*Asks:* 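The structure under discussion is supplied below as structure tokens; questions concerning it will follow.
Bear in mind the structure is a predicted one, so any value in this text is a computation, not a measurement.
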Number of protein chains: 2
Amino acid sequence: MSNENQLKKNGCSPSHQGCVSMVPIFNHLDEVQMEEIMQTVQSYSFKKGELIYRAGDTSNVLTIVNKGSLRIYRLSESGKEQLVRVLKPGAFTGELALFNETVHENYAEAMEETSVCQITRESLEKLLIKYPSISLKILQALSTRVDESEHQATQFSTESTEQRLASYLVDLLGEGNESMIVTLPMTKKDLASYIGTTPETVSRKLKELEDMKLIKRISSSRIKILDEDNLLFL
Amino acid sequence: MSNENQLKKNGCSPSHQGCVSMVPIFNHLDEVQMEEIMQTVQSYSFKKGELIYRAGDTSNVLTIVNKGSLRIYRLSESGKEQLVRVLKPGAFTGELALFNETVHENYAEAMEETSVCQITRESLEKLLIKYPSISLKILQALSTRVDESEHQATQFSTESTEQRLASYLVDLLGEGNESMIVTLPMTKKDLASYIGTTPETVSRKLKELEDMKLIKRISSSRIKILDEDNLLFL
DNA sequence: CGCGCTCTTGATCAGGTTCAACATTAGTGG
DNA sequence: CCACTAATGTTGAACCTGATCAAGAGCGCG
């Protein structure tokens with residue numbers, strides 16, 4: 001982590017307790033155990049656009065998002081940027097450099113005012129030995145991420161841009177969203193990067209989907225899904 | 001796992017010990033511990049083309065390749081197949097269904113006569129609690145896989161087919177291969193699927209690379225790398 | 001030996017990128 | 001709070017990479 005970005009460094013004070021109890025990899029523990037974990041994590045804040053780490057950095061901490069959101073992106077050999085995922089509160093990153101004692105391969109950037117907790121390799125290893133249930137939670141999270149990432153790679157190589165955009169919108173909708181309205185959680189530029197295309201194409205394809213009466217654009221970032229079935233059926 | 005595919009089922013007999021001791025997630029343990037693990041795994045064999053599991057199957061085992069190789073592939077929503085990776089001895093699969101208690105999202109198929117060891121969720125959880133170092137090994141392996149998979153997704157979305165093919169060849173070469181000759185570990189058809197293109201395009205691009213004097217085709221599956229630097233520089 | 005594959009090569013076609021111009025939005029400072 | 005600037009977003013036109021279709025060659029396997 002770049003030192004100039006460490007705006008605030010403080011032990012997790014009681015007022016921050018809510019944060020750790022929200023974290024999926026810890027939230028099965030009881031209050032006493034939670035308190036123990038609080039002692040071992042450090043809390044930091046980042047302003048919009050600041051990097052938590054960059055590719056090539058060494059690191060011995062796991063970073064857990066507390067509030068705000070992080071943009072995880074990669075640069076390809078030829079220098080093009082690809083948005084890999086967006087981390088919301090409760091999600092973590094940095095596991096590659098941590099567990100393999102290597103460098104980061106991606107970049108983590110604050111998308112807004114964001115606070116994170118970090119736990120060092122030593123502390124985490126102690127916790128994993130003391131509470132093996134935590135490793136199961138991390139194993140769960142990582143195998144889900146492998147799945148998501150392979151799914152994304154498969155989509156890139158087998159489906160059209162239109163299909164990828166459509167299924168992204170349906171994913172955003174989730175289960176049981178009565179309003180059928182989704183709010184894009186990122187700029188169109190980032191969305192384009194995420195689904196592996198250009199902003200121009202996103203713009204055109206959204207218009208096409210609207211012309212086909214599959215969606216309706218409410219505002220620049222809000223879209224109403226009119227025909228979920230046919231969106232997936234493209 | 002499909003029952004009809006369980007050709008051979010036997011506890012790991014001493015003659016199979018070599019197999020488990022080769023497995024990266026266990027090979028840091030001593031002989032006594034290794035013996036304990038042997039008791040908990042089951043060994044199976046599969047003939048070429050047989051499926052170890054398919055998408056949609058539930059499962060409570062982790063599958064570790066012993067001998068031979070497995071083809072892990074996915075089907076996209078539109079039914080197209082994509083080769084996700086090839087497992088060689090020591091590698092494992094099935095972690096998604098195992099740790100998340102959900103179904104498999106991909107298919108595992110024997111590429112040749114292949115033997116695997118399987119360990120159940122219950123046995124594995126007991127081992128993880130008893131030997132936390134095993135979870136660290138699995139966490140390492142999974143975070144490496146997340147990285148590889150994200151790297152692949154990034155290549156799909158940011159690099160040309162030619163670049164992907166070239167960097168695949170360089171990856172195959174690895175470090176310090178004096179002969180500069182790589183042997184394709186799969187058919188051109190699978191290679192095409194793996195790098196996200198068609199067999200026709202693979203054929204054409206290989207020819208282009210040869211015309212550019214970057215590679216030289218020795219035989220159908222053996223290729224000599226003539227200019228590693230410029231292959232990556234494309 | 002011959003039937004299936006995979007593999008190669010050619011010709012055509014379409015989806016998506018790129019470049020350029022303009023519109024819109026968001027961010028900044030007076 | 002408005003005005004100005006920079007960045008994002010939209011639309012059009014030309015171009016190009018790579019997919020598709022088709023036909024033939026090579027290869028492995030029963």
*Asks:* Which residues pass the salt bridge (Lys or Arg N to Asp or Glu O under 4.0 Å) test with A:Glu148, not counting sequence neighbours?
*Replies:*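 Partners of A:Glu148 under the salt bridge (Lys or Arg N to Asp or Glu O under 4.0 Å) test: none.
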*Asks:* Is B:Phe92 close to B:Ile138 at the side-chain level, that is, under 4.5 Å between some pair of heavy atoms?
*Replies:*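 With C-beta onward as the side chain, the pair touches.
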*Asks:* Pairs under 3.5 angstrom, nitrogen or oxygen only, protein versus nucleotides 24-28 of chain C, please.
*Replies:*
none

*Asks:* Between C:dG15 atom P and A:Ile195 atom CD1, what is the distance in whole Å?
*Replies:*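 The distance from CD1 of A:Ile195 to P of C:dG15 comes to 16 Å, rounded to the nearest Å.
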*Asks:* Angle between the end axes of the helix from C:dC5-D:dG26 to C:dG30-D:dC1, five pairs per end, to the nearest 10 degrees?
*Replies:*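 Roughly 60°, once rounded to the nearest ten degrees.
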*Asks:* Using whole Å, report how far CG of B:Leu209 lies from P of C:dT8.
*Replies:*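 Rounded to whole Å, this separation is 13 Å.
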*Asks:* Under the rule for salt bridge (Lys or Arg N to Asp or Glu O under 4.0 Å), what residues qualify as partners of B:Glu228, not counting sequence neighbours?
*Replies:*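 B:Glu228: no salt bridge (Lys or Arg N to Asp or Glu O under 4.0 Å) contacts found.
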*Asks:* Name all residues meeting the side chain to side chain donor-acceptor pair (under 3.5 Å) criterion together with B:Ser193; count only those two or more places apart in sequence or in a different chain, and write none if there are none.
*Replies:*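 Checked B:Ser193 against side chain to side chain donor-acceptor pair (under 3.5 Å); zero matches.
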*Asks:* Is any side-chain heavy atom of A:Thr158 less than 4.5 Å from a side-chain heavy atom of B:Glu81?
*Replies:*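 Not touching, per the 4.5 Å side-chain cut-off.
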*Asks:* Could you tell me whether C:dG4 is syn or anti, where syn means a glycosidic angle within 90 degrees of zero?
*Replies:*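 C:dG4: syn.
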*Asks:* Base contacts versus sugar-phosphate-only contacts with protein, heavy atoms under 4.0 Å: please encode nucleotides 16-22 of chain C as B, S and - from 5' to 3'.
*Replies:* SBBB---
*Asks:* Would you indicate, yes or no, if C:dC5 has its OP1 or OP2 atom less than 4.0 angstrom from a side-chain nitrogen or oxygen of B:Lys189?
*Replies:*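 Checking C:dC5 against B:Lys189, no side-chain N or O comes under 4.0 Å of OP1 or OP2.
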*Asks:* Would you please name every residue forming a salt bridge (Lys or Arg N to Asp or Glu O under 4.0 Å) with A:Arg204, sequence neighbours left out?
*Replies:*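 With sequence neighbours excluded, A:Arg204 shows a salt bridge (Lys or Arg N to Asp or Glu O under 4.0 Å) to no residue whatsoever.
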*Asks:* Are any of the side-chain heavy atoms of A:Ile72 and A:Val86 separated by less than 4.5 Å?
*Replies:*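 The answer is no, as the side chains (C-beta and beyond) never meet within the 4.5 Å cut-off.
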*Asks:* Give a yes or no on whether a salt bridge exists between B:Glu113 and B:Lys67, defined as a side-chain N under 4.0 angstrom from a carboxylate O.
*Replies:*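 No, this pair does not count.
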*Asks:* Can you list everything that forms a side-chain contact (heavy atoms from CB on, under 4.5 Å) with B:Leu232? Sequence neighbours excluded, please.
*Replies:*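 Listed in chain order: B:Ser167, B:Val170.
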*Asks:* To the nearest angstrom, how far is B:Glu81 atom CD from C:dT6 atom P?
*Replies:*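 Going from B:Glu81 (CD) to C:dT6 (P), I get 11 Å.
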*Asks:* Mind checking what makes side-chain contact (heavy atoms from CB on, under 4.5 Å) contact with A:Pro199, not counting sequence neighbours?
*Replies:*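 side-chain contact (heavy atoms from CB on, under 4.5 Å) check on A:Pro199 returns A:Lys189, A:Ala192.
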*Asks:* Scan the side chains in residues 209-225 of chain B for donor-acceptor partners under 3.5 Å anywhere in the protein, sequence neighbours excluded, and list what turns up.
*Replies:*
{"from": "B:Glu210", "atom 1": "OE1", "to": "B:Arg217", "atom 2": "NE", "distance (Å)": "2.9"}
{"from": "B:Glu210", "atom 1": "OE1", "to": "B:Arg217", "atom 2": "NH2", "distance (Å)": "3.2"}
{"from": "B:Glu210", "atom 1": "OE2", "to": "B:Arg217", "atom 2": "N", "distance (Å)": "3.0"}
{"from": "B:Ser219", "atom 1": "OG", "to": "B:Arg222", "atom 2": "N", "distance (Å)": "3.4"}

*Asks:* Charged N to carboxylate O below 4.0 Å: is that the case for A:Arg54 and A:Glu109?
*Replies:*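 A:Glu109 and A:Arg54: not salt-bridged.
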*Asks:* For A:His151, which residues count as a ring-ring contact (aromatic ring centres under 6.0 Å, His included) partner, sequence neighbours excluded?
*Replies:*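 Once residues adjacent in sequence are excluded, A:His151 has no partner under the ring-ring contact (aromatic ring centres under 6.0 Å, His included) criterion.
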*Asks:* Would you grab the first and last nucleotide of DNA chain D (5' to 3') that comes under 4.0 Å of any non-hydrogen atom in chain A?
*Replies:*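 That gives a stretch of D:dT8 to D:dA13.
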